[in-house]
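Written below as structure tokens is the structure these notes are about.
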Amino acid sequence: IERESAGGVTFQKVAAEAGVGRATVYRHYSTVVELVEEALASREVPPLEVNVSMGLREQLLSALEILAGELANPVSTAVATTVIDRANQPGQSRELRDAYVQALVSQLDDAIRSADLSFDIDPGFVFDIMVGPVFSSAAIRGVAPSPEFLELVVDQAMSSLKNFAEKE
């Protein structure tokens with residue numbers, strides 16, 4: 001996946017890499033997609049591990065830095081784009097996407113709750129505001145987000161939260 005993206009994975013290449021015959025690979029997997037999904041399922045969601053003693057802005061920035069670092073890894077980007085590509089169809093990719101996103105949203109929810117805001121905010125909303133620009137930069141454009149860019153994204157998210165609270 002790292003060398004050729006998930007789309008470049010074939011039974012022949014996997015068999016050669018593993019030092020086994022193609023028949024062995026066919027015995028375990030009926031499709032290349034199944035093989036790739038199982039490989040992706042073995043990856044753990046990177047914990048954001050933000051420090052709840054920090055302010056909300058610092059927690060969000062810390063979380064975004066971890067996520068941006070993960071997306072800077074070509075394998076992680078390949079995994080993310082493959083799962084996203086396959087997630088609209090029933091199966092393991094959808095389950096992987098849902099579990100990954102739920103884990104990240106849950107961690108953001110912990111950060112938001114620790115900030116003890118005077119209003120309720122959907123952590124999925126915060127996820128969408130912050131992850132979209134970072135994913136676009138890292139995975140779509142292939143540009144590692146700079147610290148200044150990450151700060152701008154967090155500041156935009158914080159501004160959106162304040163605007164949302166004022167409308168409530």
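Reckoned from all heavy atoms, side chains included, excluding hydrogens, waters and symmetry mates.
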Quick check: does any side chain N or O of S106 sit under 3.5 Å from a backbone N or O of Q102, one acting as donor and the other as acceptor?
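Absent.
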
[atom1] of [X] to [atom2] of [Y]: how many Å apart, nearest 0.5 Å?
{"X": "L67", "Y": "L71", "atom1": "CG", "atom2": "CG", "result": "5.0 Å"}
{"X": "S159", "Y": "L152", "atom1": "OG", "atom2": "CG", "result": "10.5 Å"}
{"X": "L64", "Y": "F149", "atom1": "CG", "atom2": "CZ", "result": "8.5 Å"}
{"X": "L61", "Y": "L56", "atom1": "CG", "atom2": "CG", "result": "11.0 Å"}
{"X": "M130", "Y": "L60", "atom1": "CE", "atom2": "CG", "result": "4.5 Å"}
{"X": "T31", "Y": "F11", "atom1": "OG1", "atom2": "CZ", "result": "6.0 Å"}

Nearest heavy atoms of [X] and [Y], plus distance in Å:
{"X": "P145", "Y": "A138", "answer": "CD-CB, 4.2 Å"}
{"X": "P133", "Y": "D128", "answer": "CD-O, 4.4 Å"}
{"X": "E151", "Y": "R57", "answer": "OE1-NH2, 3.7 Å"}
{"X": "A63", "Y": "L108", "answer": "CB-CD2, 4.4 Å"}

Check whether V20 and V14 end up in the same hydrophobic cluster, where Ile, Leu, Val, Met, Phe, Trp and Tyr are linked by side-chain heavy atoms less than 4.5 Å apart.
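They do share one cluster, since a chain of ILVMFWY contacts under 4.5 Å joins V20 to V14.
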
Is it possible for you to say whether V9 and Y26 belong to one hydrophobic cluster, with membership spreading through side-chain heavy-atom contacts below 4.5 Å?
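Yes; Y26 is reachable from V9 via cluster members.
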
